[in-house]
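Small disclaimer: the values here were computed from a predicted structure and weren't measured.
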Amino acid sequence: MVNVPSLVSLSIDALKRELIHGDDLLPHVYELPLELFNSLVECLPPLALQKLQSEMPFKNYDDYGPSSDDFKMGRKRGRYGNFDTAWKALFKFRWPDLVDCVKPVDWQQIYWETHVQNCLDEAAEIALLPSFSGCLGEIQILENILQYIGYVDDMSNLASDYLKLSYHCQQFGCYARQLRLQNVLCVLESCQLLRKSNLQSLVVQWIRSSEHVAGLCKLLNQNSRTLTSLEFVHCKISSSFMDTICGSLCSSGAETHQIHHFSISSSSFHEIDPVSLAHSLASFLSSGRSLRSLKLCDNNLDRNFAKSVFSTLLDSSCSLTSFDLSENNISGWLSIFNWKSNAFLSSSGVTKSLQSLRILKLGGNNLQKDDAGNLRYVLVQMPSLEILDLSDNPIEDDGIRSLIPYFAEASKSCSPLTDLNLGSCELSSDGVILLLDVLSTLVRPLNYLSLADNGLGSQVAEALGKFWGTSIQVLNLEGIGLGPSGFRKLRDITMENLKLVKLNISKNRGGIETAKFLSKLILHAPKLVAVNAAYNLMPAESLPLICSALKTAKGHVEQVDLRGNICEYQPSHDTMLAEFQHNGKPILILPSSVALNIPYDDDP
């Protein structure tokens, strides 16, 4: 019979050491009283917790049917859930900045996946050194990483295998589902190190040589049955590169791959014959019947390349939901298509190929007014479109006028469009007033609209006031030149139960009128969470106005950014910061004492 009191008398530290360094786990530890067992789980380092959990007699207690010993069954089920809580606590302790960015189903899995990523990142830094000439698996892991997982004793006493990258990949690589690899890790040896992984997502950086391509392709082939997301960043792309990648992803002689998300960003396309490269990429896309998201961002693509890619998508059988061509130079890319021809539309199957698209991002492409005119005919073939980004394109007012018929039709058809970004499009108040009049009639109002960095002036204030009477939730009016008169006009407009959640009115040089407008807005927008009113030349007397509104409203405001406004620091600011807080953080973001007297200059 187990002598429970003797087990209870064992110190927690002794159990930790036994769990980490002992070859055989004491079976009696699983018979500890529930309270003591939970206390043990809560204080164990990752290595010890891993061993305790992996050698549990029952890994899934819900698989067992009714038992006469209800207490025992309930106890074991409770213990199983306690492990996940312990792994989350360990993750938060090691990576406090990441804990809110992940929502894993299994905290044990995400802990060891992130640990493997840390080990690979550290190994890459060593392997990149010119003096490095050894094997990746022999690289020793840093002492602070080893201490995080539970090796707190003298490192010189550890078995040499524990110090090596190969050990950590062998022991914990099976938990890796998403990894990021630099070029130096894209070699054949990495395939052996990560042989237990079942990767679902892979980000590859700085691929430049044939050696890297060969190692990468073997790794892709090794994970071809599970991999669904593939991203290339800062890579050198050629036609042979694309052909090889496509071949490695098509497992068991299949003609199609299983990639759902494919991305090439901040990379260079090198090929003597650009047509050949475009054809290779097109071939890859046409073999991706499962493709849902395509991102070709910041690659300096020209209009001919964009035409080829788009033509391929029109002819493909995939149901693409997201297409990102932003930050290229593709002006004129749609001019080859005769969008006005109904015969062309039906014969090419445009409606079928584009009807699933929900996100279209074309920002920063030097698109002109003629491009906007052609785009209008593309948009009407996208009945599911929810997000449209045309920012940083000089389409001007004529371009907006070309698009207004599309928005007018959307207002009648209950369009699902929710987000529209027209920032930095060289628009004036004339074009935007026409646009806002149409957008105000949408059956399903927009959730998000950006007009930032267009010289609209105060003339647009009345149209804005009418527009935000809809259900708009996020509005970006940064740097549109409202000035004091624009804020005064906005303040005079009737505000009733606005739906605004976030508002950016920064860099509008509104002075005290900004504060007067803001104090009224806070009172009439009960759902308002965040306001960016930075760099508006607001004087010191603006702060009491805003604070009075916050105190009266008692709403949900979590943040008001006032940086670049208050001219002189006053001790009373500390009191205000202490009074207005949300979840322990100040609601008011005030200028730092260092930058108080440095005015913002938004002049070109």
Side-chain angles (χ1 to χ4, degrees), residues 98 101-102 104 106 109-125 127-128 136-137 165 168-170 172-238 241-252 254 256-267 280-281 284-285 287-288 290-299 322 324:
L98 297 180
C101 302
V102 296
D106 184 349
Q109 180 270 320
I110 198 66
Y111 183 94
W112 290 120
E113 176 183 88
T114 311
H115 170 75
V116 170
Q117 182 67 68
N118 282 181
C119 292
L120 291 171
D121 290 342
E122 295 294 341
E125 290 190 16
L128 284 168
L136 292 175
L165 174 65
H168 293 263
C169 289
Q170 179 182 357
F172 311 116
C174 60
Y175 293 99
R177 302 291 181 269
Q178 303 180 52
L179 287 180
R180 180 185 61 256
L181 300 180
Q182 293 194 48
N183 57 1
V184 71
L185 298 178
C186 294
V187 292
L188 295 177
E189 184 187 354
S190 294
C191 301
Q192 179 66 17
L193 292 174
L194 298 172
R195 65 188 182 277
K196 293 185 178 181
S197 301
N198 290 303
L199 295 180
Q200 298 172 2
S201 175
L202 180 63
V203 179
V204 185
Q205 301 173 323
W206 299 104
I207 296 293
R208 298 286 178 178
S209 70
S210 57
E211 178 189 6
H212 299 148
V213 174
L216 171 63
C217 286
K218 184 172 182 181
L219 184 63
L220 293 177
N221 185 260
Q222 192 170 289
N223 292 273
S224 60
R225 295 185 181 276
T226 57
L227 193 67
T228 59
S229 178
L230 181 59
E231 301 183 40
F232 296 98
V233 184
H234 301 300
C235 293
K236 182 178 179 180
I237 310 296
S238 66
F241 177 97
M242 289 306 309
D243 291 340
T244 307
I245 293 297
C246 185
S248 64
L249 288 170
C250 297
S251 59
S252 303
T256 60
H257 57 75
Q258 302 301 314
I259 297 298
H260 294 178
H261 170 74
F262 183 72
S263 170
I264 302 176
S265 60
S266 304
S267 297
S280 295
L281 180 59
F284 174 82
L285 297 178
S287 62
S290 300
L291 195 64
R292 298 294 179 266
S293 171
L294 176 62
K295 180 179 180 181
L296 302 172
C297 177
D298 190 23
N299 299 310
S322 177
D324 186 349

Taking every non-hydrogen atom, the tightest pair across Cys191 and Gly215 = SG-O, 3.6 Å

Ile245 versus Leu230: any side-chain heavy-atom pair under 4.5 Å?
-> yes

Contact check, side chains of Tyr175 and Val116, non-hydrogen atoms, under 4.5 Å | no

Do His261 and Glu231 have side-chain heavy atoms sitting under 4.5 Å apart?
-> yes

Stepwise, does the side chain to side chain contact (heavy atoms under 4.5 Å, CB included) test hold for Asn299 with Ile237?
-> CA-CA 10 Å; Asn299 299 310; Ile237 310 296; over 6 Å; no

Does any N or O in the side chain of Arg177 come within less than 3.5 Å of the main-chain N or O of Cys174, such that one atom is a donor and the other an acceptor?
-> yes

Where does the angle between the aromatic ring planes of Trp112 and His115 fall among parallel (under 30°), tilted (30 to 60°) and perpendicular (over 60°)?
-> perpendicular

In Å, rounded to the nearest 0.5 Å, how long is the span from CG of Asn223 to OG of Ser248?
-> 10.5 Å

Locate the shortest heavy-atom distance separating Ser290 from Gln258; write the atom from each residue and the value.
-> OG-OE1, 3.6 Å

Would you name the heavy atoms of Ser201 and Leu227 that are closest together and state the gap between them?
-> N-CD1, 3.7 Å

Say whether, by atom type as modelled, one donor and one acceptor occur between the side chain of Thr226 and the main chain of Gln200 under 3.5 angstrom.
-> no

Can you measure from CD (Gln205) to SG (Cys186) and round to the nearest 0.5 angstrom?
-> 9.5 Å

Looking only at non-hydrogen atoms, find the nearest pair between Cys169 and Leu120 and report the distance.
-> SG-CD2, 4.3 Å

Indicate yes or no: at least one non-hydrogen side-chain atom of Leu202 is less than 4.5 angstrom from one of Leu220.
-> yes

Among all residues two or more places apart in sequence or in another chain, which pass the side-chain contact (heavy atoms from CB on, under 4.5 Å) test with Val187?
-> Leu136, Glu189, Ser190, Glu211

Closest non-hydrogen atom pair between Ala176 and Glu113, with its separation = C-OE2, 3.7 Å

To the nearest 0.5 angstrom, please state how far the CG atom of Asn183 sits from the CZ atom of Arg208.
-> 8.5 Å

Atom CG in Leu219, atom OG in Ser224: separation rounded to 0.5 Å?
-> 10.5 Å

Backbone N or O of His234 within a donor-acceptor pair of the Ser267 side chain at under 3.5 Å?
-> yes

Got a donor-acceptor contact below 3.5 angstrom from the Ser266 side chain to the Val233 backbone?
-> no

Trp206 and Leu128: side chain to side chain contact (heavy atoms under 4.5 Å, CB included), yes or no, with the steps?
-> CA-CA 12 Å; Trp206 299 104; Leu128 284 168; over 6 Å; no

Any side-chain donor near an acceptor of the partner, Asp298 and Ser265, under 3.5 Å = no

Any side-chain donor-acceptor pair under 3.5 Å between Asp121 and Gln117?
-> yes

Note: Ala127 and Val184 closest approach over all heavy atoms is CB-CG2, 3.5 Å

The single option from Thr228, Leu294, Leu249 passing side-chain contact (heavy atoms from CB on, under 4.5 Å) against Ile259 = Leu249

State, yes or no, whether a side-chain contact exists between Leu185 and Leu193 at a heavy-atom distance under 4.5 Å.
-> no

